[in-house]
Number of protein chains: 2
Amino acid sequence: MAKKNYELTESEWAIIQAVWENEPCAAPTVQEELETRKNWTYSTVKTMMDRMVTKGLLKTERMRNLILYRSVVTRIQAQKSEIMRTVKRAFDGALTPMMQFLLDNHKLSQKQLNELERLIKKKRVKGRAAGKK
Amino acid sequence: MAKKNYELTESEWAIIQAVWENEPCAAPTVQEELETRKNWTYSTVKTMMDRMVTKGLLKTERMRNLILYRSVVTRIQAQKSEIMRTVKRAFDGALTPMMQFLLDNHKLSQKQLNELERLIKKKRVKGRAAGKK
DNA sequence: TTGCAATCTTTACAAATGTAGAGTATTCTC
DNA sequence: GAGAATACTCTACATTTGTAAAGATTGCAA
């Protein structure tokens, strides 16, 4: 139910990404997966994962002598939270100014602009069809 | 020079916003400004501000027996960092997917969509004029 | 000049986060 | 069945963040 706000730290993001991609998976898998980017030992990874279970970001299930982890929040949910956090903190909660800022402050290629325009058009049509909001 | 990445915490955002709006200003001013929203005592605010000086987010200047604070990073810089952080963590560094996500996952009104389209058009033209990138 | 008001300084402490060693249990493998 | 390999548990410690009380300064007002 609850549309909670999941504020993941940098490290938690790294971990949950690995989980999303291997789900369900054991801690060693995650550790190996991250070994190159992050330089974490098994202990480190495991500790973090267990803390994430406590926080309700992951959940576990025992399979014989193995402990398998699964994500509780989806990638979409996490992305949404991350964006909402930014909008709240840095743009006073207003989405359009943030979009505008993105357009103004990041050099997008023509191609990207086209793509965006296309997306907006699509959105627009759909919105109209479905009874405007 | 350095185009550093400023990762402000929630509290730091609150403080620096107050500073931006009153710059240069003394700690008590900031504390009063935030009194309603946050419920921080003077000590709390002062401590945080001094820590932010250490971190290079604010700087001070002594005026007789007063200590005045100024921001070191601009609102734009901070917003940019905040967005970059999100893009990096949650969208694998790619801006367009993030924009797409924004369009897909947040119900924008027709008006907002129009506005965005207009902005993009403007961008497009300007980009073309200035030798495409 | 004495005391009050405003401001600053010092110190503290708890919770969260980053990081991991050392020991324990379980399971292969020879 | 004994040692090696694998995975888990427990404990620990440093740093950062959130929060603030208590004490020291200083300038002004009576």
Side-chain angles (χ1 to χ4, degrees), chain A residues 4-19 22-70 78 81-82 85 88-89, chain B residues 4-19 22 24-70 78 81-82 85 89:
Chain A
K4 281 234 230 123
N5 215 44
Y6 308 101
E7 305 229 328
L8 309 210
T9 66
E10 167 72 17
S11 310
E12 288 170 343
W13 265 102
I15 297 224
I16 206 168
Q17 305 246 28
V19 173
N22 296 278
E23 196 157 12
C25 59
T29 307
V30 172
Q31 194 264 323
E32 282 154 31
E33 174 109 1
L34 296 178
E35 200 148 42
T36 43
R37 261 167 304 162
K38 310 289 177 172
N39 229 57
W40 295 328
T41 65
Y42 168 79
S43 281
T44 301
V45 173
K46 181 77 160 101
T47 302
M48 290 200 287
M49 291 180 77
D50 287 338
R51 286 182 185 163
M52 287 171 78
V53 170
T54 304
K55 289 193 193 177
L57 296 171
L58 300 179
K59 67 188 168 189
T60 58
E61 142 196 3
R62 191 156 219 132
M63 160 152 285
R64 308 204 60 64
N65 63 319
L66 263 198
I67 293 180
L68 295 183
Y69 292 78
R70 283 173 197 279
S81 292
E82 192 69 28
R85 186 249 280 297
K88 266 199 200 89
R89 289 196 186 167
Chain B
K4 280 233 231 128
N5 215 43
Y6 309 100
E7 305 230 329
L8 308 211
T9 67
E10 168 72 19
S11 310
E12 289 170 342
W13 265 101
I15 297 224
I16 206 168
Q17 305 247 24
V19 172
N22 296 275
C25 60
T29 309
V30 172
Q31 194 263 322
E32 282 153 32
E33 174 108 1
L34 295 178
E35 200 148 43
T36 43
R37 260 167 307 160
K38 310 289 178 175
N39 229 58
W40 294 328
T41 64
Y42 167 79
S43 281
T44 302
V45 172
K46 181 79 161 105
T47 302
M48 289 200 287
M49 290 179 77
D50 288 338
R51 285 182 187 164
M52 286 170 78
V53 170
T54 304
K55 287 192 192 177
L57 296 170
L58 300 180
K59 66 187 168 193
T60 59
E61 143 196 2
R62 191 157 220 130
M63 160 152 288
R64 311 207 57 63
N65 63 319
L66 260 198
I67 294 178
L68 296 184
Y69 293 78
R70 283 174 196 280
S81 292
E82 191 70 28
R85 182 249 282 299
R89 290 195 185 168

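Here is how names work: the chains are called A, B, and so on, in the same order as the sequence lines, proteins then strands, and each is numbered from 1.
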Measure the distance from [atom1] on [X] to [atom2] on [N] and round it to the nearest whole Å.
| X | N | atom1 | atom2 | answer |
| --- | --- | --- | --- | --- |
| A:L66 | C:dA25 | CG | P | 18 Å |
| B:E12 | D:dT19 | CD | C1' | 14 Å |
| B:L34 | D:dT19 | CG | C1' | 14 Å |
| B:M49 | D:dT17 | CE | C1' | 17 Å |
| A:M48 | D:dT9 | CE | P | 17 Å |
| A:R64 | C:dA25 | CZ | C1' | 15 Å |
| B:Y69 | C:dT7 | OH | P | 12 Å |
| A:Q31 | C:dG18 | CD | P | 17 Å |

Requested in this report: Report the residue from A:T29, A:T60, A:D50 that forms a side chain to side chain donor-acceptor pair (under 3.5 Å) with A:Y69.
Outcome: A:D50
Report task. Classify the side chain of A:S11 versus the base of C:dG18 as yes if they form a donor-acceptor pair under 3.5 Å and no if they do not. Result -> no
Is [X] close enough to [N] that one of its side-chain N or O atoms is under 4.0 Å from OP1 or OP2 there?
| X | N | answer |
| --- | --- | --- |
| B:T9 | D:dG18 | yes |
| B:Y42 | C:dT7 | no |
| B:K46 | C:dT7 | no |
| A:T44 | C:dA20 | yes |
| A:N65 | C:dT27 | yes |
| A:W40 | C:dT19 | yes |

Query - DNA chain D: 5'-proximal contact among B:T41 and A:L68 (nearest heavy atom) - result: A:L68
Query raised in the report: Going by heavy atoms in the side chains, are B:M49 and B:L58 under 4.5 Å from each other?
Result: yes
Query - Option passing salt bridge (charged side-chain N to carboxylate O under 4.0 Å, His left out) with B:K38 (candidates B:E10, B:E33, B:E12) - result: B:E10
Query raised in the report: On DNA chain C, nearest-nucleotide positions of A:T47 versus B:R51: which is more 5'?
Result: B:R51
Report summary line: Closest non-hydrogen atoms of B:L8 and B:I16, given as atom of the first, atom of the second and distance, are CD1-CG2, 3.8 Å
Query raised in the report: Which atom names give the shortest non-hydrogen contact between B:Q31 and B:V45, and what distance separates them?
Result: CG-CG2, 3.7 Å
Report summary line: Ranking C:dC8, C:dT17, D:dT17 by distance to the side chain of B:R62, first place goes to C:dC8
Report summary line: Taking D:dC8, C:dT9, C:dG21 as options, the one with an atom nearest any side-chain atom of A:I67 is D:dC8
Query raised in the report: Which is true for A:K55 with a 4.0 Å heavy-atom rule: it touches a base, it touches only sugar-phosphate, or it touches nothing?
Result: sugar-phosphate
